[in-house]
> 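Handing you a structure now.
All residue numbers refer to positions in the sequence shown, counting from 1. Values in this document were obtained by computation on a predicted structure and should not be read as measured data.
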Amino acid sequence: MRECVVSERDMACTDCMKASDFSIDTKGIKKRNWRTRIRYLLKITSSFSSSKCMAGRSYRPTVEEVNQWAQSLDKLLSHKYGKAAFQIFLKSEFCDENIEFWTACEEFRTMTSLGKLSSRARTIYEEFIQCDAPKEINLDYQTKDAIIQSLRLPSLTCFLSAQKKVFNLMENNSYPRFIHSELYKELCAVARGEGKYL
């Protein structure tokens, strides 16, 4: 059973929130659809906007930002709220391991402690790459083998090839479905001030 976590790196207005502020137990949300998750996301960001963030600060994406998400997956993932919405969409399609792996690789590439590098590399491998991993991603044998070899002396780029393959998979499959989904249409409506979840 997975825990649905909307972390601070996935949200707008993150400079005034902590990751623990977004953890939710799967017992209350595991069988609900994306509409429930978006409603929860909008509700929780609304409460943080009014209680912890600076007055007048927007916690929802603008119409321009939401429209930019349709331009490229890069633009979608560079926006914290867009990334969170995409993750909710992927969870509804039972393929959220791809965005979780991509995010783990992004964080891994920014590590500054060489002492923790090996441990984190092993954790990513065990969570996403090894056979029967809890969140196993779809990679070819050569890519998996290259990662196994690189784990002997890991570097910040040891997952780069796999990350690019997962990005391309999302870009060519999940991303177009997201842009044409009801979820994205609802987010556009919310940005215009017309959505159901205001």
> About how many Å separate SG of Cys105 and NZ of Lys164, when rounded to the nearest 0.5 Å?
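If I round to the nearest 0.5 Å, the distance is 12.0 Å.
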> Is any side-chain heavy atom of Phe128 closer than 4.5 Å to a side-chain heavy atom of Glu100?
yes
> Between Ala104 and Ile124, which heavy-atom pair has the shortest distance, and what is it?
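Minimum heavy-atom contact is O-CD1, 3.8 Å.
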> Determine the minimum heavy-atom distance between Gln130 and Glu126, stating which atoms define it.
NE2-O, 3.7 Å
> Of the non-hydrogen atoms in Ser72 and Lys75, which two are nearest, and what is the gap between them?
OG-N, 3.1 Å
> As an exercise, state the distance from CG of Asp96 to CD of Gln87, rounded to the nearest 0.5 Å.
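Separation between the atoms: 6.5 Å.
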> Could you work out, with side-chain hydrogen bond (donor to acceptor under 3.5 Å, both in side chains) as the rule, every residue matching Glu93, not counting sequence neighbours?
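Partners of Glu93 under the side-chain hydrogen bond (donor to acceptor under 3.5 Å, both in side chains) test: Arg177.
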> Minimum heavy-atom separation for Phe86 to Met170, with atom names?
CE2-SD, 3.9 Å
> Assess whether side chain to side chain contact (heavy atoms under 4.5 Å, CB included) is satisfied between Val66 and Tyr81, documenting all intermediate values.
CA-CA 9 Å; Val66 174; Tyr81 192 96; over 6 Å; no
> For side chain to side chain contact (heavy atoms under 4.5 Å, CB included), just list the numbers for Arg109 and Gln163, CA-CA rounded to whole Å, side-chain angles, deciding distance to a tenth of an Å, and then say yes or no.
CA-CA 11 Å; Arg109 288 186 5 209; Gln163 185 185 20; 2.9 Å; yes
> Can you tell me how far the CG atom of Asn67 sits from the SG atom of Cys188, to the nearest 0.5 Å?
6.0 Å
> Enumerate donor-acceptor pairs with a distance under 3.5 Å from any side-chain N or O in residues 138-162 to protein atoms, sequence neighbours excluded.
| unit_1 | atom_1 | unit_2 | atom_2 | d |
| --- | --- | --- | --- | --- |
| Asp140 | OD1 | Gln142 | N | 3.2 |
| Asp140 | OD1 | Thr143 | N | 2.9 |
| Asp140 | OD1 | Thr143 | OG1 | 3.0 |
| Asp140 | OD2 | Thr143 | OG1 | 2.9 |
| Asp140 | OD2 | Lys165 | NZ | 3.0 |
| Thr143 | OG1 | Lys165 | NZ | 3.2 |
| Lys144 | NZ | Ile129 | O | 3.3 |
| Lys144 | NZ | Glu136 | OE2 | 2.9 |
| Gln149 | OE1 | Arg152 | NH1 | 2.8 |
| Gln149 | OE1 | Arg152 | NH2 | 3.2 |
| Ser150 | OG | Ile147 | O | 2.8 |
| Ser155 | OG | Thr157 | N | 3.3 |
| Ser155 | OG | Thr157 | OG1 | 3.2 |

> Is there side-chain contact between Leu183 and Leu187, with heavy atoms separated by less than 4.5 Å?
yes
> Sequence neighbours excluded, which residues qualify as side-chain contact (heavy atoms from CB on, under 4.5 Å) partners of Lys116?
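Result, side-chain contact (heavy atoms from CB on, under 4.5 Å) vs Lys116: Met111, Ser113.
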> In terms of hydrophobic clusters joined by side-chain contacts under 4.5 Å, are Leu77 and Ile179 together?
yes
> Quick check: closest heavy atoms across Asn98 and Val166, and the distance to 0.1 Å?
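Smallest interatomic distance, heavy atoms only, reads O-CG1, 3.5 Å.
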> Is there a side-chain contact between Leu76 and Gln71 (heavy atoms, below 4.5 Å)?
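No, their side chains stay 4.5 Å or more apart.
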> Does any part of the side chain of Leu114, heavy atoms only, come nearer than 4.5 Å to the side chain of Leu117, both counted from C-beta?
yes
> To check you understand the geometry: which heavy-atom pair defines the closest contact between Glu65 and Thr62, and what is its length?
OE1-N, 2.8 Å
> Roughly how far, to the nearest 0.5 Å, is CZ of Phe89 from OG of Ser174?
6.5 Å
> Within a strict 4.5 Å, meaning less than it, do heavy atoms of the Tyr175 and Trp69 side chains meet?
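Side chain of Tyr175 against side chain of Trp69, heavy atoms only: no contact under 4.5 Å found.
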